[in-house]
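These notes are about the structure you will find just below.
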Amino acid sequence: MDLHPDAHERNLPRLNVLLAGPRGFCAGVDRAIKIVEEAIRRYGAPVYVRHEIVHNRFVVESLERQGAIFVEELDEVPDDAPVVFSAHGVPKSVPAEASRRKLFYLDATCPLVSKVHREAEQHFTRGRHILLIGHAGHPEVVGTMGQLPEGTVTLIEDAAQARTAPVPGGVPLAFITQTTLSVDDTTDIVAALRERFPEIHAPAKEDICYATTNRQAAVKAIANRAELMVVVGAPNSSNSLRLVEVAERAGCPRAVMVQRGRDLDLSLAEGLATIGVTAGASAPEVLVEEVLTRLRERFTLVIEEVVVAEETITFKLPGALQTEGAR
Ligand code: SF4
């Protein structure tokens with residue numbers, strides 16, 4: 001039992017907390033943050049980062065304090081400063097422009113996103129038209145579509161679009177997906193595509209990444225025991241948004257997203273016996289701790305961690321950061 005030191009004295013009501021495991025940082029996010037930190041250490045501040053390195057304000061602000069400057073486009077980066085591309089991946093035009101300007105750049109694209117980029121290229125080389133299952137406007141989708149010439153990839157956002165979206169006739173088709181989708185929604189969309197195009201080529205191995213899959217499975221494992229699910233994450237984080245949806249669909253009456261402990265409305269937990277807590281892949285564990293600290297203001301917590309998978313995966317830093325030396 002996890003008791004605040006003076007919980008008994010304060011006679012606070014008991015609240016069971018189911019902690020989803022795994023939760024929080026994935027290997028791709030961990031690598032992206034290390035790339036920025038290591039770049040600052042080696043080359044000195046400032047290091048520019050194109051787009052939020054990962055979708056979490058706490059992480060971004062802590063890197064800013066170390067000397068990172070976040071920009072949206074390359075034209076905001078001076079010629080003599082290093083620049084890092086975010087974990088979500090970038091269209092090919094971005095490194096091309098960086099090379100043209102002779103910028104020193106480091107690519108923090110998650111290797112599992114890069115894998116999807118390579119799949120897209122292989123399908124294109126084989127003359128296939130590609131259907132990309134994903135969310136319009138998400139930087140990963142922009143990056144993946146930007147691997148290939150315009151018009152060679154059709155975005156499919158839901159099962160209805162899978163059934164009706166116009167596709168070019170007379171060419172073979174293939175589908176790929178964003179890495180952070182809802183596993184269940186994607187199954188439905190793929191089923192609709194296969195029904196309409198029985199010959200469509202599928203990824204050799206699932207594009208939805210291990211971290212997304214595991215975090216959704218962990219939420220499902222606790223959803224029907226929890227009366228409220230608190231998801232630590234950011235509203236622009238795709239995998240965090242999916243955790244809110246997955247919790248509610250798996251039987252939790254209410255799921256809320258909070259960015260920081262102070263954002264949690266404690267009255268939501270009043271009168272409840274059990275809540276669940278999880279965190280998206282871009283949310284650090286310290287923010288989960290913040291939520292627990294916040295809950296302890298009004299409750300005596302009894303914490304149980306429910307782990308559905310052990311994660312041991314790590315990704316190497318880019319070659320330029322693996323050896324000591326100047327750029
Ligand atoms: S959520 Fe998955 S694809 Fe995205 S950075 Fe993490 S491991 Fe990579």
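The structure displayed is predicted, hence computed values, not measured ones. Note that ligands are numbered from 1 as they come in the structure, with each ligand's atoms numbered from 1 the same way. Side chains are part of it too, since the values below use all heavy atoms of this structure and drop only hydrogens, waters and symmetry mates.
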Exercise for the section: Could you tell me the residue and atom name of the protein heavy atom closest to atom 1 (S) of ligand 1, and the distance to it rounded to 0.1 Å? Expected result: Cys209 SG, 3.6 Å
Problem - Short N-O contact, Arg225 and Glu304, less than 4.0 angstrom - result: yes
Practice task
For atom CD of Gln322, decide whether the heavy atoms of other residues, nucleotides or ligands shown that lie under 6.0 angstrom number more than 12.
Solution key: yes
Practice task
Would you check if atom 6 (Fe) of ligand 1 lies under 2.8 Å from any N, O or S atom of Cys26?
Solution key: yes
Handout entry: Donor on one side chain, acceptor on other, Glu140 and Thr179, under 3.5 Å
Key = yes
Problem - Pair Asp107-Thr109, side-chain donor/acceptor within less than 3.5 Å - result: yes
Practice task
May I ask you to identify the nearest protein heavy atom to atom 4 (Fe) of ligand 1, giving residue, atom name and distance to one decimal place in Å?
Solution key: Thr179 OG1, 4.0 Å
Completion exercise
min-distance protein heavy atom vs atom 8 (Fe) of ligand 1 -> Cys110 SG, 2.3 Å
